[in-house]
Number of protein chains: 2
Amino acid sequence: MQLTGQNFIGSSNSASSSETFRAINPATKDLLEPSFYEATADEVNEAVERASKAFGVYRQKSGEEIAEFLESIGDEIMALGDGMIQRCMDESGLPEGRLTGERSRTVNQLKLFADVLRDGSWVDARIDTGEPDVRSMQKALGPVGVFGASNFPLAFSVAGGDTASALAAGCPIVVKAHPSHPGTCEWVAEAIIKAAKKTGMPDGVFSMVHGRSHDTGLAIVRHPKIKAVGFTGSYVGGKALFDEANRRAEPIPVYAEMGSTNPVFVLPGALKERKQAIAEELSSSICLGVGQFCTKPGLVFHEESDDATSFTSFLTQKMQQITAGVMLNEGIRKGYQSGLTKLSGINGVEILARGEEDENGFRGSAALFKMPVLVYLENIEVEEEVFGPSTVLVSSAGKKDTLNAARKLKGHLTATIHGTEKDLEEYSELIDILEQKVGRLLFNGYPTGVRVSHAMIHGGPFPATTNSRTTSVGTQAIYRFTRPVCFQGFPDSYLPDELKNDNPLKILRLLNGSYTRDRL
Amino acid sequence: MQLTGQNFIGSSNSASSSETFRAINPATKDLLEPSFYEATADEVNEAVERASKAFGVYRQKSGEEIAEFLESIGDEIMALGDGMIQRCMDESGLPEGRLTGERSRTVNQLKLFADVLRDGSWVDARIDTGEPDVRSMQKALGPVGVFGASNFPLAFSVAGGDTASALAAGCPIVVKAHPSHPGTCEWVAEAIIKAAKKTGMPDGVFSMVHGRSHDTGLAIVRHPKIKAVGFTGSYVGGKALFDEANRRAEPIPVYAEMGSTNPVFVLPGALKERKQAIAEELSSSICLGVGQFCTKPGLVFHEESDDATSFTSFLTQKMQQITAGVMLNEGIRKGYQSGLTKLSGINGVEILARGEEDENGFRGSAALFKMPVLVYLENIEVEEEVFGPSTVLVSSAGKKDTLNAARKLKGHLTATIHGTEKDLEEYSELIDILEQKVGRLLFNGYPTGVRVSHAMIHGGPFPATTNSRTTSVGTQAIYRFTRPVCFQGFPDSYLPDELKNDNPLKILRLLNGSYTRDRL
């Protein structure tokens, strides 16, 4: 496929701006062809207008029809073949194996939502007969703005989680392409447009606009016909969109996943039994993908002991051995360096590992810091995410300090406890504290893998996200883009199929307070 | 019971302010005894701190324990007897029959949530076995601020909908008593405190503070330990709390139900068949409770015809016959008068009925306006709620104008269609348009009754509410005060009962994508 650099306004390509930009290969700092056209205000407006028009048709599509659309997107992405993967490697610096794996994840995610739509019970149909007869179900919100992340150029980008859940919910989308991988975005956009045509979806169900400047994104969020926004990225970016959305004449929900420091608590029994294994596994988790995961463990709490000393030296050795890796782009690399500089400057911090800076491309080296819990508590910035292959060991004298530090945590995507059964018995309060702080609580695992499934929660209290009551991974994400609508006293034939007496879709419904797939 | 005028800081009474106020009988303008003490900043702070402390205990209570607490609140409210009803009549001007009915509704609402807790399936337990094993469920958010409405001194006040759903979710509450009926609030607060003690709930699970000034409410919303807010009232009040909550260092959700104009569409066939009945029933709905319902029909769209002319004159007659009624307070009466003055001043409006002003107490008279759809579309303020017994007839030349007016509606709590089967066939597009505008769509009914049940949605797009994805009436309201938490790789014995392998609570769970009450 020949890249054009154009915007996708529905199925029409458009390039009316004189402002262009090019992607940069982060491994070499080379500029990549072609130039991409920043979307103009008119182009953004036209994309949203088409989405709004498409909504009238798309919201009437059956679960089966949308399931076929989602699966077709998956097929078309696979059909892009190596060309897309190669472009994605050039733009992201990520290795081939990681990207083919991420492509599978992206396609499987679309299929999982297709399964949910085919079952149909997700709409939470409720029927209360009697006087008056009231029936309710979830319905699509309207056009959604989707902002992809740089660190998952496939799974959290043009055809990523927010796209899958918004399209599954019945919402057309306008995607803001990530300027770090605009060519990959174009490949995937082509696949979605093809799938939309093949499965008879209305023009405007998908659009994608380019833009390095914040104006493009703000124009999407400000448009009166956009009804919700999904975002994955930095705190500064997500919070800005959230604030903008709340300033609108009609405020809309912004689901921003803004990263996290993902505290890990290594309890005494676990340290005794598995110090070397944990050190090895933890260093892999910290440095996976050059530490560029929002679930990277960035804080490791433990209590001082001989075992802790050994654990620390195992981890230090491991972290020292890791060679510099290519980071996603210059901004992320600069951010990482300045995060390390900030941590290094804290009074009372020990620098256990810090690789050499490497100017060959945008590279980042592993780093390991250590500080006593009192220093940690006095420097609240240590809890902020440093995006890259680093972590901070926080050591305390005993259980009281550990629990105290846990109590003072802000919101995070995950927290992890490493322990024995005996540890859990002794630290049961820790579970209780941490489940109030995070979206996902792990035992004897590592947070960097996020399973795409029904029970997964990838979210958490602010500042991890702007809305703790939802998830951006897993099938529950569909509810971010719906709202309940109640029908009172309607003749059966004018009710949606989901609410009709004879339950033609055979979905699970709450009928007068009891769950059943029976007809009335 | 002797009223004290004090604040309830958990189970302690407190009255440290020198600022006091008294309730006013709206039927007589008499000041009522005793004086109520405005809560100080310290009192508000202490109430939230106790709620936060109580949360640690309350969130561990089983569904059965909380169900008993909710039922006990209902029993204690009934045990208050006539004294509470009498005080409520004095403070609200509402008649005895209405208030005993509202008391039943309030008690039944608490019982319905108790039923939901006993079944337990509401937590949306999800289990995905395999690698890794992930399990999620809804958990309580934390302390909730509750702002009651003046127009439902029982069902949307101290023990009203938000209280029932927040307590059911596992959240302690701090209620801001409505200054229009502070004595009723004290009666009900006493009942809740008694129930909390009887059923062994922690001190601080319920607090209530008085305040006429906005500062009391703002102090609740600003407190870092408040995690969500429920509000029923005016657009100005609700939007102010919403904005304040979004300005916090940690933004929190504000569920504000801010009223609505509840458009009614009377289609040609219905007009032909039932013009007199609709005129009679509609006038009753408009004037029920002196028009002081957020679901009062305030806009009636119809198309010009001989039937429409008869309908209009029937409705005019009915509205002219209605005598002035006592409104809730001086502010509401003034707001109603100024709303009528605004409508009367619109160029092109016809005033079909407008009762005499009556200075005997705070009384409001029925009013009926009529304007062509073009005048309506040019005066956007006509779509704003006028709180009181008035409505605006909007006449158009035909279907095109009707659909056009529907398309331009903002968000409302409800919309209603009166029609025959043939009307529905011809106006099927109207259903499609209206379901995008409201939380509840009625056919051949009247919006003023809101059934408390599983399927009810009392909500809708902005500006009807600040969060269209929830309801403030019915059992789905519980999800306003919870968020999902995911447990990964946890030993069975440390999982919540809802997620344990053998499903000890026998709840419905989504197990590897299938709904079942079976154990693993």
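These numbers were taken from a predicted model, which means no experiment stands behind them. Lettering follows sequence order; numbering is per chain, from 1. Below, all heavy atoms of this structure are taken into account, side chains as well, without hydrogens, waters or symmetry copies.
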Decide side chain to side chain contact (heavy atoms under 4.5 Å, CB included) for B/F55 and A/Q436; before the verdict, give the C-alpha distance in whole Å, the side-chain angles of both, and the deciding distance to 0.1 Å. CA-CA 11 Å; B/F55 182 53; A/Q436 297 177 58; 3.4 Å; yes
Which bit of B/L112 is near chain A, if near means a heavy-atom gap under 4.5 Å: side chain, backbone, both or neither? neither
Side chain, backbone, both or neither: which part of B/L510 has an atom under 4.5 Å from a heavy atom of chain A? side chain
Check whether any side-chain heavy atom of A/R469 sits under 4.5 Å from a side-chain heavy atom of B/L141, and report yes or no. yes
Looking only at heavy atoms and a cut-off of under 4.5 Å, which of B/A140, B/S428, B/G445, B/P251 has the most pairs with chain A? B/P251
If we define contacts as heavy-atom pairs under 4.5 Å, which of B/D432, B/D124, B/V116, B/I127 has the most with chain A? B/D432
Are side-chain N/O atoms of A/Q488 and B/T416 paired as donor and acceptor at under 3.5 Å? no
Any idea which of A/T414, A/D115, A/I431, A/N444 has the most non-hydrogen atom pairs under 4.5 angstrom with chain B? A/I431
Which atoms of A/K410 are under 4.5 Å from chain B, going by heavy atoms: the side chain, the backbone, both sets, or neither? neither
Is any side-chain heavy atom of B/R248 closer than 4.5 Å to one of A/F462? no
B/D119 and A/Y515: side chain to side chain contact (heavy atoms under 4.5 Å, CB included), yes or no, with the steps? CA-CA 11 Å; B/D119 173 73; A/Y515 293 95; 4.2 Å; yes
I'd like to know whether B/R483 forms a salt bridge (charged side-chain N to carboxylate O under 4.0 Å, His left out) with A/E435, so could you lay out the CA-CA distance, the side-chain angles of the two residues, the decisive distance to 0.1 Å, and finally the verdict. CA-CA 11 Å; B/R483 67 178 179 87; A/E435 76 171 45; over 6 Å; no
Pick one of side chain, backbone, both or neither for B/P484, based on which atoms fall under 4.5 Å of a heavy atom in chain A. both
Would A/H454 and B/L511 count as a side chain to side chain contact (heavy atoms under 4.5 Å, CB included) here? Give the steps. CA-CA 9 Å; A/H454 302 288; B/L511 176 59; over 6 Å; no
